[in-house]
2 protein chains.
Amino acid sequence: MAEQHELRDKGLRLTPQRELVLSAVRELGHATPEEVAEKVRATHPGINLSTVYRNLETLENVGLVQHTHLGHGGATYHASEVLTHLHLVCGTCGSVGDAPIDVAANFVQNLADDYGFKTDVSHFAIYGLCAACVK
Amino acid sequence: MAEQHELRDKGLRLTPQRELVLSAVRELGHATPEEVAEKVRATHPGINLSTVYRNLETLENVGLVQHTHLGHGGATYHASEVLTHLHLVCGTCGSVGDAPIDVAANFVQNLADDYGFKTDVSHFAIYGLCAACVK
DNA sequence: CGCTAGTTGCGAAATATTCGCAAGTAGCAG
DNA sequence: CTGCTACTTGCGAATATTTCGCAACTAGCG
């Protein structure tokens, strides 16, 4: 079966908590540690916040999830697979929009050409005013 | 003299603490609230951290300073005048480089054209790997 | 079946930031 | 120059967020 555990592959132990954290991140698309914990608790009530934090960190180390900074303070986690878009955060209404990563291709290229800087565009959100608030 | 207090102009009271916070931000270029407090304390020891936070917030409201997200959690404040560059944060070595804002002009334009999103490029740092770490 | 090391739970500790409240003072009017 | 009022400050406590220590637990392996 192709179902060789990806967690095992990464050299991690396959614990129910760990799987739950990973699938919670995947289902939520993007979520704060607290939201992940909440989601996980829906099916496995006894889980501890510390465990969520530790697993998020662990999963990040092996590259299965990544975090982005959307707003003030709170980091937001994504499954790596879905990291194909930018986050457009509106400073006025607080909404978070998406944009395909290629609108930034040009920008990333500039940075690479002129500064040798290899940009990870999606790590930080793009801040500004959404179309609705511009009006 | 042209020295009409800019703080007064904005409808704020001119308190020594407030002036100190503002000039600390200007001198430091970019700094966390804690660094600002430290700087301010050099000349005015009795100042309170809460006061720094409150003044930073107040100054931001009237547009004299702005904050940017450079790393995990801590906001970093700038005087508005110097906000003419992007921050290139290296995820590996932690260095913060600058780039003129126009390397992003194209990108900003794309976002405006396609999404009506008015981007404030400098609010969030650009994350990636600096030239040195790419190697 | 039994071992060993990686994990979990839990509460405490470390940080970062915000708030309430009483005392202090800048700016304005008289 | 004097007094008044509202905006500010200091300070400590309250929150929020994330990290740690430690003992108990268990996944994976022989």
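Residue numbers start from 1 in every chain, and the chains themselves are labelled A, B, ... in the order their sequence lines are given, proteins ahead of strands.
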How close or far is atom [atom2] of [N] from atom [atom1] of [X], stated in whole angstroms?
X       : N      : atom1 : atom2 : result
B:Leu20 : C:dA26 : CG    : P     : 13 Å
B:Arg8  : C:dG27 : CZ    : C1'   : 6 Å
A:Glu35 : D:dT18 : CD    : P     : 11 Å
B:Tyr53 : D:dA16 : OH    : P     : 16 Å
B:Leu56 : C:dA16 : CG    : P     : 15 Å
A:His69 : C:dA16 : NE2   : P     : 15 Å
A:Glu57 : D:dT17 : CD    : P     : 18 Å
B:Leu49 : C:dT18 : CG    : P     : 11 Å

Item to check | Helical bend (five base pairs per end, nearest 10°) for the helix from C:dC1-D:dG30 to C:dG30-D:dC1 | outcome: 30°
Checklist entry - B:Val103, B:Leu129: one ILVMFWY side-chain cluster at the under-4.5 Å cut-off? => result no
Quick one: does [X]'s side chain get under 4.5 Å of [Y]'s, heavy atoms only?
X        : Y        : result
A:Phe117 : B:Val134 : no
B:Arg26  : B:Leu64  : yes
A:Val108 : B:Phe107 : no

Item to check | Where at least one partner belongs to residues 52-69 of chain A, residue pairs that pass salt bridge (charged side-chain N to carboxylate O under 4.0 Å, His left out), sequence neighbours excluded | outcome: none
Item to check | With B:Asn106 via side chain to side chain contact (heavy atoms under 4.5 Å, CB included) - residues at least two apart | outcome: A:Asn106, B:Asn110
Checklist entry - Using a cut-off of 4.0 Å between protein heavy atoms and nucleotide atoms, how would you tag nucleotides 1-11 of chain C 5' to 3' with B, S and -? => result ----BBSBBBB
Would you be so kind as to tabulate the donor-acceptor pairs closer than 3.5 Å made by side chains of residues 32-52 of chain A, with sequence neighbours excluded?
unit_1, atom_1, unit_2, atom_2, d
A:Thr32, OG1, A:Glu35, N, 3.2
A:Thr32, OG1, A:Glu35, OE1, 3.4
A:Glu35, OE1, A:Thr32, N, 2.8
A:Lys39, NZ, A:Glu27, OE1, 3.1
A:Arg41, NE, A:Ile47, O, 3.2
A:Arg41, NH2, A:Ile47, O, 3.4
A:Thr43, OG1, A:Val40, O, 3.3
A:Asn48, OD1, A:Ser50, N, 2.8
A:Asn48, OD1, A:Ser50, OG, 3.0

Checklist entry - Can you check whether B:His78 and B:His30 have ring centres sitting under 6.0 Å from each other? => result yes
Show every donor-acceptor pair shorter than 3.5 Å between a side-chain atom in residues 92-100 of chain A and any protein atom, with sequence neighbours excluded, or say none if there are none.
none

